[in-house]
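Source: prediction; values computed, not measured.
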Amino acid sequence: MIDVNTIIGEEIKLDNGVTIIPISKVTYGFGSGGSNFPSASPKDMFGGGVGAGATVQPLAFLVVNGTDVQLMQMNTGGANSDPVSKAIDVFPELVEKIKSLFKKEKNNTEEENPNPSS
């Protein structure tokens with residue numbers, strides 16, 4: 001039905017080294033129905049229906065500039081009550097925590113070995 005590039009879009013690389021990755025929400029649904037109504041005439045004994053729908057809603061852009069990563073959210077115009085929107089709201093905090101863990105690990109390594117050339 002869809003592939004990963006529909007949700008996490010293809011990266012866009014700018015000349016200045018910035019990479020932009022679009023993030024979207026895809027929703028789709030299907031419905032069908034049928035019947036065989038009792039009737040005096042056999043040619044009048046059928047009913048049916050079918051329907052389908054799909055939406056692609058852009059939610060945010062992930063902007064990568066060197067080691068700096070930012071999530072730029074789209075204004076969806078409504079309360080962020082669905083799980084996907086809540087996860088995207090928390091994502092920038094998660095990225096900052098991961099970055100700070102790497103910085104701490106790097107600082108601890110430098111403190112243990114302050115003069116690596118000797």
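- S24 approaches P58 most closely through the heavy-atom pair OG-CA, 3.7 Å.
- Residue Y28 is not grouped with residue V50 when hydrophobic side chains (ILVMFWY) are merged at heavy-atom distances under 4.5 angstrom, including chains of intermediate members.
- Atom CD of E10 is separated from atom CD1 of I21 by 11.0 Å, given to the nearest 0.5 angstrom.
- The distance from the OG1 atom of T19 to the CG atom of L14 is 7.5 Å, given to the nearest 0.5 Å.
- N16 CG: more than 12 foreign heavy atoms inside a 6.0 Å radius.
- To the nearest 0.5 Å, the span separating CD on E11 from CG on L62 amounts to 10.5 Å.
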